[in-house]
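Have a look at the structure below before the remarks.
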Amino acid sequence: MTAPRVRFAPAPTGFLHVGSARTALFNWLYARHHGGEMVLRIEDTDAALKTQQYVDAIVEPLRWLGLDWDEGPHFQSERRQAHQAAVERLLSRGAAYFCDLTRGEIKQRCEQAGLPLGYHGWSRDRGVADGPGVVVRFRCPDQGETVVDDAVRGRVSFPNESLEDFVIRRGDGSPTFHLANAMDDHDMAISHVIRGEDLLNTTPRVLLLWQALGYGAPPRYAHLPLLVNAKRQKLSKRRDDVSLDDYRRRGCLPEAMVNHLALLGWGPPDAAEIRPLDEIVELFDLDAVKPSPAFFDPARLDHINSVYIKALTPEQFADRALPHVCGIAAADASGTSAAAETVDAACEDGTALTAAATTREAHQQRAHEVLLKLAGDLQQRVAALDEVWQWIDWILSDEVAYDDKAWQKSVVKGRAAAEVLGAVEARLAEDDFTSAERLEAVVMGVGDELSERLGVRVRSQAPVRAAVSGRAAGLPLWEPLKLLGKDEVLARIRQARSRL
RNA sequence: GCCCCCAUCGUCCAGCGGCCUAGGACGCCGGCCUUUCACGCCGGAAACACGGGUUCGAAUCCCGUUGGGGGUGCCA
């Protein structure tokens, strides 16, 4: 087999859809596995969507995923001349004709003829002349069938009588997707067209055009299973979370997203599902792609993401989590995260999150240090990077937000909580806060002593946690106490005691 | 309406005629570990949509039914 040449051809819609990302990935995997090439082509037939912003919305997420291409981006709009010339050729050959019927007129004719709503070659013999608003339609054969030889689905045949004379040039002179698609795939020497199943029904049209244009053997088609939501409907922009960039902002790792996407419609021959991309490249092939729709399950993505997060070194974790803790990753999000709002607000109006970090830079430096020190404990607790903030906000901020339930449970109703806090404050005043282990020994020691004295189990960790963090649960306390520092810890315990 | 696709645990995959009393993973439930929350470990419930064929033998092949989805645009 000669090296394949595939293309990823998204329409510029302002963002990259996870379904499109999956299509891009499968094209890329196929090309890389077989040592072929991938072309990026932006299908901007429709409007003037070739702005940098629209192109970036496609290119950047692809780069984020780690997918590259060997050629492009090409733009369909740049091939306008060639497309128009082809329309002329089809016209002069009688393979296409002009039509000036409006939607209403078509409907009317159907009713008069007692035919089901549709285009029944109405203008084939009307001899319509070209002019403003006049479209060009392709003359489909009335008999026979058009067969799509699909790498995923096998032989799919369409009765030609079910095909209507479709528009290949709009009233404004622009070519439609079918025409541009056939021509561009031919002219760019595409060998394999790998795309979503929603396009399967349009394939006979492209094939008919391919034939009429005298192009010879068509490319091999492969229609990938649709990505669906929990209700098993095609993922849609309106009701589902489909923007790849949103996942990035929420702290999904690109390698996790790629791995997750690869598992939708495909599975490795062995049982190892979570594995590096180069191994997936090695194992991937089209004949192993399943034809049935796949649910894009966010819970599964979370799991895969959590596995990748756990595998990060502390340094990698700190570097990658930092933007999510400092509001950078979510800066351009429509719904900014709590972390972003808190940090941005504090930094922008000049107020400090902590007395020590009075600038954004200082805050970042401090946050990085905290992330690095707590990496292991954080990594096993988050499924996405944007969850990190809620575990450490109390360390990075001077303000303690006391959770009512936690306060009641751990301090008010906590056994001997007042004594615990009193004793801990006294003992910690003697400590130099250089050892997390010693801090643990001190706090736990207070609990043990009280337990012995009172004859009942006294848990000393809970009230201390509530005092310094305002919460009932969280990270192992000792390293955070050290990071918070002696003055701050003692101040918080004092503050808690005064609340009693 | 018409055309097309799809059909194994709730979900994603394995199974491509006998290895299947159907395997793994997510999720769920239970237990262990633990002076928080987690991680980890152990265990459990959970599926071949239905009906006909073909075959010595079918989750695997064929047909039909049912169910789900997609398309049916001067969107792609």
Side-chain angles (χ1 to χ4, degrees), chain A residues 9-13 20 43-47 76 99 101-103 116-119 133-137 148 150 152-154 156-164 166-178 180-181 195-204 223 225-226 228 230-234 260 263-274 287-288 290-304 306-307 310 376-382 391 406 409-410 440 443-444 447-448 451 457-462 464-466 469 471-477:
Chain A
T13 55
S20 303
E43 308 244 311
D44 56 343
T45 42
D46 190 30
Q76 205 153 67
C99 174
L101 262 25
T102 63
R103 241 183 132 71
L117 193 60
Y119 191 85
V134 172
V135 305
V136 175
R137 285 180 183 271
V148 180
D150 194 277
V152 174
R153 281 147 227 285
V156 183
S157 81
F158 298 80
N160 287 337
E161 57 185 323
S162 72
L163 269 25
E164 292 174 357
F166 55 95
V167 172
I168 57 175
R169 191 206 70 183
R170 300 190 184 89
D172 65 2
S174 63
T176 61
F177 147 80
H178 308 284
N181 213 252
R195 35 136 66 156
E197 195 206 320
D198 49 342
L199 260 12
L200 180 56
N201 289 302
T202 73
T203 310
H223 287 91
L226 241 34
V228 299
K231 290 173 170 163
R232 311 221 57 90
Q233 295 163 314
K234 180 167 96 160
H260 178 241
L263 263 12
L264 263 23
W266 177 84
D270 54 31
E273 296 178 321
I274 300 180
D287 54 22
K290 275 188 31 143
S292 48
F295 172 38
F296 184 92
D297 188 356
R300 194 153 189 256
L301 209 210
D302 273 348
H303 171 254
I304 294 174
S306 73
V307 172
K310 286 184 185 72
D377 288 333
L378 286 167
Q379 282 169 278
Q380 65 180 231
R381 262 160 264 256
V382 300
W391 291 92
K409 185 183 159 208
S410 302
E440 175 176 11
V443 174
M444 299 309 261
D448 291 343
S451 296
R457 192 62 190 260
V458 173
R459 296 172 193 275
S460 55
Q461 188 177 164
V464 174
R465 181 184 296 283
S469 76
R471 311 212 181 120
L475 297 172
L477 252 192

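Residue numbers begin at 1 in each chain, while the letters A, B, ... track the order of the sequences.
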Which part of the nucleic acid does A/Val135 contact within heavy-atom distance under 4.0 Å: base, sugar-phosphate only, or nothing? base

Glycosidic conformation of B/rC39, taking syn as within 90° of 0 and anti otherwise: syn

Residues in side-chain hydrogen bond (donor to acceptor under 3.5 Å, both in side chains) with A/Gln461, at least two apart? A/Arg465

Heavy atoms only, 4.0 Å cut-off, all strands: where does A/Arg195 land among base, sugar-phosphate and nothing? nothing

Does A/Phe158 reach a base, just sugar-phosphate, or nothing at all? Heavy atoms under 4.0 Å. sugar-phosphate

Looking at residues at least two apart in the chain, or sitting in another chain, which of them share a salt bridge (charged side-chain N to carboxylate O under 4.0 Å, His left out) with A/Glu440? none

Separation of B/rG73 atom C1' from A/Leu163 atom CG, nearest Å, is 15 Å

Sorted by chain and residue number, the salt bridge (charged side-chain N to carboxylate O under 4.0 Å, His left out) partners of A/Arg459 (sequence neighbours excluded) come out as none

Run the ring-ring contact (aromatic ring centres under 6.0 Å, His included) test against A/Phe177 and tell me which residues pass, sequence neighbours left out. none

Which residues share a ring-ring contact (aromatic ring centres under 6.0 Å, His included) with A/Phe166, sequence neighbours left out: A/Phe138, A/His178

For A/Pro476 and for A/Thr176, locate the closest nucleotide of RNA chain B by heavy-atom distance; then report the residue assigned to the nucleotide nearer the 5' terminus. A/Pro476

Are A/Thr203 and A/Asp150 close enough that some pair of their side-chain heavy atoms sits under 4.5 Å apart? no

Once you round it to whole Å, what is the distance between P of B/rC13 and NE2 of A/His303? 16 Å

Residues passing the side-chain contact (heavy atoms from CB on, under 4.5 Å) test with A/Val135, sequence neighbours excluded, are A/Cys99, A/Arg137, A/Val167

Would you classify A/Arg457 as touching base, sugar-phosphate or nothing, given that sugar-phosphate means primed atoms plus P, OP1 and OP2, and contacts are heavy atoms under 4.0 Å? base

Between A/Lys234 and A/Glu197, does at least one N-O distance fall below 4.0 Å, as a salt bridge requires? no

Test of understanding: with side-chain contact (heavy atoms from CB on, under 4.5 Å), list the residues that count as partners of A/Pro204, not counting sequence neighbours. A/Thr146, A/Val148, A/Phe158, A/Leu163

Quick one: look up who B/rC50 pairs with, Watson-Crick or G-U, both distances under 3.5 Å, and put none if it's unpaired. B/rG64

I want to check one thing: is the phosphate of B/rG71, taken as OP1 and OP2, less than 4.0 Å away from some side-chain N or O of A/Lys234? yes

Give A/Gly265 one of three labels, base, sugar-phosphate or nothing, depending on what nucleic acid heavy atoms sit under 4.0 Å from its own. sugar-phosphate

Select base, sugar-phosphate, or nothing to describe what A/Thr202 touches, counting heavy atoms under 4.0 Å on all strands. base

Strictly under 3.5 Å: I want the nitrogen or oxygen pairs between protein and nucleotides 39-44 of chain B, one per line.
none

If we only count heavy atoms from C-beta on, is the A/Pro268 to A/Leu263 side-chain gap below 4.5 Å? yes

Counting any heavy atom closer than 4.0 Å, what does A/Asp287 reach on the DNA or RNA strands: base, sugar-phosphate only, or nothing? nothing

When rounded to whole Å, the CG to C1' distance for the pair A/Leu199 and B/rU72 reads 14 Å

Does A/Trp266 or A/Arg137 map to a spot on RNA chain B nearer the 5' end, using the closest nucleotide for each? A/Trp266

How many whole angstroms separate atom NE2 of A/His223 from atom C1' of B/rC6? 15 Å

Length of the line joining A/Arg459:CZ and B/rU34:C1', which is rounded to integer Å: 10 Å

Extract from the structure each pairing of a protein N or O with an N or O of nucleotides 61-68 of chain B at less than 3.5 Å, listing the distance.
none

Describe the nucleic acid contact of A/Ala294 in one word from base, sugar-phosphate, nothing, applying a heavy-atom distance below 4.0 Å. sugar-phosphate

Students often get this wrong, so: under 4.0 angstrom with heavy atoms, is A/Arg153 touching a base, only sugar-phosphate, or nothing? sugar-phosphate

